[in-house]
Amino acid sequence: MSNTTPATTPVTTPVTEAPPASPYGTLPPASPPASRKPVSLPRLADMHARGEKIAMLTAYDATFAAMADAAGVDCLLVGDSLGMVCQGLNSTVGVSLDTMRYHTDSVSRGLRRVQGTAWLIADLPFGSYQESREQALRSATVLMQAGAHMVKLEGGGWTTDTVRFLVERGIPVCAHLGLTPQTVHALGGYRVQGKGDTAGALLKQQAHELQDAGAAMLVLEMVPAALAAELTAELKHCATIGIGAGKATAGQVLVLHDMLGINLGKMPKFVRNFMADAPGVLPALKAYVQAVKDGSFPDDRLHAW
């Protein structure tokens, strides 16, 4: 029997190569956790009660969603305006529920990839809620399952019962009055709404009804600044979000492409191009958030009626 110890073969650790970089770059980081808690419905209500302005922008894809979140935007709206911005349509009427689901899912994935904290709202498109409350529930379910935290629908009066029906079933709702793009043909074009005593009184009545039905937010589009200010003071439980409605609203929203100076047509009066004085997209987004928060945007002399 041999007393010789057999030679041992040295163990080598295989060299692993670093994964190849994505040819499409990487998404920007999320907002710092220490300074940015996830935006929730109670937090939005608290901001409204304290008078802190709510900064909202549209988003249609993962990368812009992540970048807007990093800039500190409170709410992201997957608006059916994507019909004109992304699809080249003449109005929002041609946008389908499946298209809204696709873009909502894309934006939601973008937020998840960077651990984003923004509140995500998705538009119910034309024809997806007008038939019945039950149809609205089915459509809202599609968007909520795609990642939305809240759905938005347009119009007052008949929509009140639909809002109440959805809210009672645990679906947060953002209403929309004034210029409602889905009914632009009935309105006779993109015109200021709520002008005059009669039209103003009707809009105020509808706004109060929507608040009483449970709408937590209300977009006021192309509404006279004085009327929007009155409504904002009166609605204690529903935060008004203005777009062409003056600076007194509880928050502001713009189409992201518009505020970056990217537009296929004429830039609306209520838009400010934040890229004009910014070195890049992220600084422009941050400048928008800051301007909304400190009340320097909008300027009623330039952006309102």
Side-chain angles (χ1 to χ4, degrees), residues 23-29 31 54-96 99-100 102-111 113-114 116 118 120-123 125 152 176 179-182 184 189-190 219 221-222 241-245 247 251-293 296-299 302-304:
Y24 304 108
T26 56
L27 289 167
S31 307
I54 298 168
M56 184 187 299
L57 281 175
T58 63
Y60 313 121
D61 62 50
T63 302
F64 267 125
M67 187 172 287
D69 181 83
V73 173
D74 300 307
C75 301
L76 292 177
L77 170 63
V78 186
D80 57 3
S81 51
L82 64 85
M84 293 176 282
V85 175
C86 301
Q87 296 181 301
L89 301 176
N90 290 325
S91 74
T92 64
V93 174
V95 178
S96 69
T99 297
M100 290 303 305
Y102 170 84
H103 285 274
T104 300
D105 192 27
S106 297
V107 169
S108 178
R109 282 199 298 265
L111 289 176
R113 273 193 56 179
V114 296
L120 181 54
I121 307 167
D123 268 337
K152 181 170 77 65
H176 185 153
L179 174 67
T180 47
Q182 292 177 9
V184 66
Y190 295 94
V219 170
E221 183 168 357
M222 291 182 66
I241 307 296
I243 176 166
K247 65 186 300 178
Q252 298 291 329
V253 63
L254 283 178
V255 170
L256 184 144
H257 293 65
D258 283 349
M259 56 80 59
L260 293 178
I262 308 169
N263 192 293
L264 292 176
K266 182 181 178 182
M267 196 69 75
K269 172 183 176 179
F270 50 76
V271 173
R272 172 179 159 190
N273 180 2
F274 283 85
M275 272 296 291
D277 300 312
V281 172
L282 185 57
L285 297 176
K286 290 182 177 180
Y288 167 77
V289 173
Q290 182 59 41
V292 171
K293 296 289 186 181
S296 60
F297 176 80
D299 183 337
L302 303 173
H303 308 117

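Computed from heavy atoms alone, side chains included, the values below leave out hydrogens, waters and symmetry copies.
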Original post:
To the nearest 0.5 Å, how far apart are NZ in Lys247 and CD in Gln252?
Top reply: 9.5 Å

Subject >> Separation between CG of Asp69 and CG of Leu111, rounded to the nearest 0.5 Å >> reply: 5.5 Å

Original post:
Going through the distances and angles, do Met259 and Leu285 end up as a side-chain contact (heavy atoms from CB on, under 4.5 Å)?
Top reply: CA-CA 8 Å; Met259 56 80 59; Leu285 297 176; 3.8 Å; yes

Original post:
Counting distance only, does the side-chain N/O of Ser108 pair as donor-acceptor with the main-chain N or O of Thr104 below 3.5 Å?
Top reply: no

Original post:
Does any pair with a residue in residues 76-96 pass ring-ring contact (aromatic ring centres under 6.0 Å, His included), and if so which ones, sequence neighbours excluded?
Top reply: none

Original post:
How many angstroms lie between atom CG of Leu76 and atom CD1 of Ile121, to the nearest 0.5 angstrom?
Top reply: 8.5 Å

**OP:** Write down the atom of Gly280, the atom of Met275, and the distance for their closest heavy-atom approach.
**Re:** O-SD, 3.4 Å

Original post:
Mind checking what makes salt bridge (charged side-chain N to carboxylate O under 4.0 Å, His left out) contact with Asp80, not counting sequence neighbours?
Top reply: none

**OP:** Identify, with sequence neighbours excluded, every residue that meets salt bridge (charged side-chain N to carboxylate O under 4.0 Å, His left out) alongside Lys293.
**Re:** Glu52, Asp74

Original post:
Who passes salt bridge (charged side-chain N to carboxylate O under 4.0 Å, His left out) against Asp105, sequence neighbours left out?
Top reply: Arg109

Original post:
How would you list, by chain and number, every residue that makes a ring-ring contact (aromatic ring centres under 6.0 Å, His included) with Tyr288, sequence neighbours excluded?
Top reply: Phe274

**OP:** Using modelled atom types only, decide if a donor and an acceptor are shared between the side chain of Thr58 and the backbone of Leu256 within a distance under 3.5 Å.
**Re:** yes

**OP:** To the nearest 0.5 angstrom, please state how far the CE atom of Met84 sits from the CG atom of Leu264.
**Re:** 10.0 Å

**OP:** For residues Gly110 and Ala66, report the shortest heavy-atom separation together with the two atoms involved.
**Re:** O-CB, 4.0 Å

Original post:
Who pairs with Tyr60 by ring-ring contact (aromatic ring centres under 6.0 Å, His included), at least two apart in sequence or on another chain?
Top reply: His257

Original post:
Any side-chain heavy atom of Leu57 sitting closer than 4.5 Å to one from Leu254?
Top reply: yes

Original post:
Do you know which two heavy atoms are closest between Ala70 and Lys286, and how far apart they sit?
Top reply: O-CE, 4.3 Å

Original post:
Does the side chain of Pro181 come within less than 4.5 Å of Glu221's, by heavy atoms?
Top reply: yes

Subject >> Interatomic distance, Leu82 atom CG to Leu89 atom CG [nearest 0.5 angstrom] >> reply: 8.5 Å

Subject >> Close side-chain approach of Met267 to Asn273, heavy-atom, < 4.5 Å >> reply: no

Subject >> Heavy-atom closest contact (Leu179 atom, Gly189 atom, distance) >> reply: CD1-O, 3.9 Å

Subject >> Rounded distance (nearest 0.5 Å) linking atom NZ of Lys269 with atom CG of Leu302 >> reply: 8.5 Å

**OP:** Taking all heavy atoms of Val255 and all of Ser81, pick out the closest pair and write down the distance.
**Re:** CG2-OG, 4.1 Å

**OP:** State, yes or no, whether a side-chain contact exists between His176 and Asp123 at a heavy-atom distance under 4.5 Å.
**Re:** no

Original post:
Is the shortest heavy-atom distance from the side chain of Tyr190 to the side chain of Ser91 under 4.5 Å?
Top reply: yes

Original post:
Where do Val107 and Ala65 come nearest, in terms of heavy atoms and distance?
Top reply: CG1-CB, 3.6 Å

